[in-house]
Structures are given as C-alpha cells and as structure tokens.
Amino acid sequence: MSLPENLLASRDVPDDVRSGLSRVRSRLNTVARRIYWLETAGSTNDVAARLAGAGAEEGTVVVAETQTAGRGRMGRVWHSPPGAGLYVSIVLTPPHTPAAALLTLGAGVALAEGVQAATGLGAEIKWPNDLIVAGRKLAGILAESAAQGGALQFIVLGFGLNLRPAAYPPELAQRVTSIEAETNRPADRAVILAEILAAIAERYADLGQGRFDVILGAWRERARSLRGSAVEWDSGGAVMRGRAEDIDDTGALLVRAGGSVHRLVAGEVRWG
C-alpha cells in the first residue's frame with residue numbers, strides 16, 4: 001500500500017500503548033492490527049480516510065498527539081491540545097446499511113463502556129454523539145463515510161476524548177471536562193485507549209451480527225436523561241421546540257411538539 005506523504009513522519013507506537021493493547025488483544029478482533037501514531041495531524045479522520053482510499057485494511061487505527069484541524073459535527077472545531085486528550089480514528093467497513101446507520105450510537109456506547117472500565121467514571125450519552133459528565137462534554141464522536149456508485153466503501157469512525165484539563169477557549173472552558181478533572185487522579189492513556197478500542201470492537205461485532213436491539217438497549221441505558229429534555233431544531237425556516245421522548249430503531253431522535261412526534265435524523269439539534 002502506498003502511504004500518503006504526511007504519514008512518513010509517523011512514529012512507533014509508544015511502549016505503554018503497546019503493552020495496554022496486548023492485554024486486550026483477544027477482544028480486539030480486527031481493530032488495531034495496524035496503528036499509525038502521529039505527533040501531529042490536521043485531522044485523524046482525514047488521515048484515516050486517505051489510508052482507507054489507498055487500501056488500508058479494516059480496523060486500521062490512526063492516533064495523533066495533537067490535531068491542528070480537528071472537527072466535530074456540523075464542521076465545528078474540535079480543540080485538540082497536545083497531550084491533553086486521545087484523538088483517534090478507525091477505518092471500518094460495515095457489512096450492511098442498518099449496521100452503518102447505528103454505528104455512531106454503537107460507538108457512543110463503546111466509548112462510555114471503555115471509559116468506565118478503565119477509570120470507573122460513568123458518563124451519559126447525549127444524542128447523537130457526545131459523552132457527558134455532570135452536564136459537561138467529555139468526548140465526541142464523528143463518523144464519516146465514503147461511497148462509490150451508491151455503494152458504501154468505508155466509514156471512518158473518529159473520537160476525541162479529554163484526558164486532562166487544558167487551556168480551552170473561554171467559550172468552551174465551562175462546557176467541557178476531562179477524565180482527570182472528574183476522577184482527581186492521573187489518566188492512564190494506554191489503559192483507556194485499550195479499553196475503548198476493545199469495547200468498540202465488541203460493539204461493532206454486535207452490529208455486524210445484527211444484534212441491533214442490544215445496541216439500542218445499551219444506548220438507552222446510557223442516555224436516561226434524554227426523555228423530557230427540551231429540544232430546538234430548525235425546520236423550513238422556522239424554529240421548532242419540543243421534548244425528546246426516545247430514539248427509534250434506526251437511531252433517529254423522537255421529539256414531541258404539540259400533538260405530534262417528529263423524527264430527527266439530520267441538521268442541528270439544540271438542547272435546552
């Protein structure tokens with residue numbers, strides 16, 4: 001496989017991370033058989049997409065110490081201070097459409113499970129792709145797909161997880177948190193990364209084998225504060241307001257406004 005030029009600067013996976021992954025190797029399946037560890041990347045999702053386009057095998061992982069152009073949903077900037085977080089992307093090729101549609105929800109479950117297994121910290125999931133602790137953002141997920149001729153080629157599943165406090169912009173400082181801020185002890189990046197990747201591999205296997213009810217049930221358990229939460233969204237040039245009720249079997253958000261239930265799958269949702 002011909003590597004993109006910016007990966008020529010990739011370095012060996014750190015020893016602590018190799019050791020952490022070796023302890024969960026039996027749970028990883030195809031995930032992390034190949035890892036690219038970068039000092040700096042514009043976006044790990046972009047690097048992983050280039051690798052996938054060049055023929056990288058499923059489960060290839062890209063990790064960066066820092067990102068200069070990290071992003072979240074709706075093109076928002078994901079601040080990626082050096083050494084303050086895990087910035088990770090994984091190349092996946094879901095076998096069928098339902099699995100692809102539920103990948104972000106399954107990844108949210110896995111991220112929460114991995115964090116809890118590694119640190120004991122319980123986090124809630126905020127639809128569709130954030131981990132929240134005490135109302136503040138701990139992690140975010142961004143899944144981006146590539147298709148050709150109407151057929152899905154691959155999905156890059158990216159996540160950013162705040163490990164320790166950092167100098168965030170003022171508008172974010174009170175809205176984000178980190179593993180260390182919540183646990184009051186050092187965050188072991190190797191153990192946390194290993195547990196998250198193992199959990200992703202396990203939940204991805206659930207999706208691949210059609211165990212969608214298992215994913216949806218686990219997601220609902222991690223999103224108990226969803227029901228009744230105030231929601232705003234834009235529709236046809238108007239601002240709509242309602243209360244979240246649930247998700248449906250495809251992962252869409254169900255919101256009651258007046259006497260109707262609206263199914264939200266795209267666009268900007270603003271939580272009250």
Side-chain angles (χ1 to χ4, degrees), residues 14 16-17 19-21 23-24 27 44 61 63-67 70-73 76-90 104-143 157-203 218-230 244 269-272:
D16 64 325
V17 174
S19 178
L21 292 174
R23 290 195 292 269
V24 298
R27 298 164 53 202
T44 58
V61 173
V63 183
E65 297 279 0
T66 185
Q67 296 179 114
R71 63 181 180 275
R73 288 182 68 247
R76 291 192 183 92
V77 173
W78 182 270
H79 293 275
S80 312
L86 286 173
Y87 317 116
V88 184
S89 296
I90 309 166
T104 297
L105 267 65
V109 171
L111 202 59
E113 290 173 336
V115 166
Q116 187 160 15
T119 70
L121 179 63
E124 275 203 304
I125 302 173
K126 181 179 178 181
W127 188 90
N129 66 337
D130 293 340
L131 287 195
I132 304 293
V133 177
R136 296 195 293 174
K137 188 168 181 175
L138 179 70
I141 297 165
L142 180 64
L157 177 68
F159 66 86
L161 171 68
N162 301 326
L163 295 180
R164 50 190 61 92
Y168 291 102
E171 66 271 17
L172 292 180
Q174 300 303 313
R175 296 165 49 196
V176 301
T177 190
S178 67
I179 298 290
E180 291 190 356
E182 297 298 330
T183 63
N184 293 311
R185 60 179 183 272
D188 187 327
R189 67 171 183 178
V191 173
I192 295 168
L193 178 61
E195 288 293 341
I196 288 172
L197 291 180
I200 288 174
E202 290 164 350
R203 290 306 185 178
W219 192 94
R220 289 182 175 108
E221 281 295 309
R222 297 270 180 181
R224 293 188 176 184
S225 66
L226 176 141
R227 185 177 294 276
S229 295
V269 170
R270 297 179 293 277
W271 295 90

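Keep in mind that the numbers below use all heavy atoms, side chains included, and drop hydrogens, waters and symmetry copies.
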### Message
List the residues meeting side-chain hydrogen bond (donor to acceptor under 3.5 Å, both in side chains) with Ser225, not counting sequence neighbours, and say none if there are none.
### Response
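Here the qualifying residues are Glu124.
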### Task
With sequence neighbours left out, write down each residue that passes side-chain hydrogen bond (donor to acceptor under 3.5 Å, both in side chains) with Arg23, or none if nothing qualifies.
Ser19
Report yes if the side chains of [X] and [Y] come closer than 4.5 Å at any heavy-atom pair, otherwise no.
| X | Y | answer |
| --- | --- | --- |
| Ile132 | Trp271 | no |
| Asn162 | Ile179 | no |
| Val63 | Thr44 | no |
| Leu142 | Phe159 | no |
| Leu138 | Leu121 | yes |
| Ile125 | Asp130 | no |

Acceptor/donor pairs from residues 105-117 side chains to any protein atom, 3.5 angstrom cut, sequence neighbours excluded:
from: Glu113; atom 1: OE1; to: Arg203; atom 2: NE; distance (Å): 3.1
from: Glu113; atom 1: OE2; to: Arg203; atom 2: NE; distance (Å): 3.4
from: Glu113; atom 1: OE2; to: Arg203; atom 2: NH2; distance (Å): 2.5
from: Gln116; atom 1: OE1; to: Arg222; atom 2: NH1; distance (Å): 2.8
from: Gln116; atom 1: OE1; to: Arg222; atom 2: NH2; distance (Å): 3.0

Using 0.5 Å steps for rounding, measure from the [atom1] atom of [X] to the [atom2] atom of [Y].
| X | Y | atom1 | atom2 | answer |
| --- | --- | --- | --- | --- |
| Leu131 | Lys126 | CG | NZ | 12.0 Å |
| Tyr87 | Leu163 | OH | CG | 7.5 Å |
| Asp188 | Thr119 | CG | OG1 | 10.5 Å |

Considering non-hydrogen atoms only, spot the tightest contact between [X] and [Y] and give its length.
| X | Y | value |
| --- | --- | --- |
| Gly20 | Ala194 | O-CB, 3.4 Å |
| Thr104 | Ala143 | OG1-CB, 3.6 Å |
| Ala64 | Gln67 | CB-CG, 4.5 Å |

### Query
Does any pair with a residue in residues 176-186 pass salt bridge (Lys or Arg N to Asp or Glu O under 4.0 Å), and if so which ones, sequence neighbours excluded?
Arg136-Glu182, Arg164-Glu180
#### Entry: Partners passing side chain to side chain contact (heavy atoms under 4.5 Å, CB included) against Arg27 (at least two apart in sequence or in another chain)
Val24, Glu195, Ala198, Glu202
### Val88 vs Leu161, side-chain contact (heavy atoms from CB on, under 4.5 Å): CA-CA, chis, key distance, verdict
CA-CA 9 Å; Val88 184; Leu161 171 68; over 6 Å; no
### Message
Under the rule for salt bridge (Lys or Arg N to Asp or Glu O under 4.0 Å), what residues qualify as partners of Asp16, not counting sequence neighbours?
### Response
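Only Arg189 meet the salt bridge (Lys or Arg N to Asp or Glu O under 4.0 Å) criterion with Asp16.
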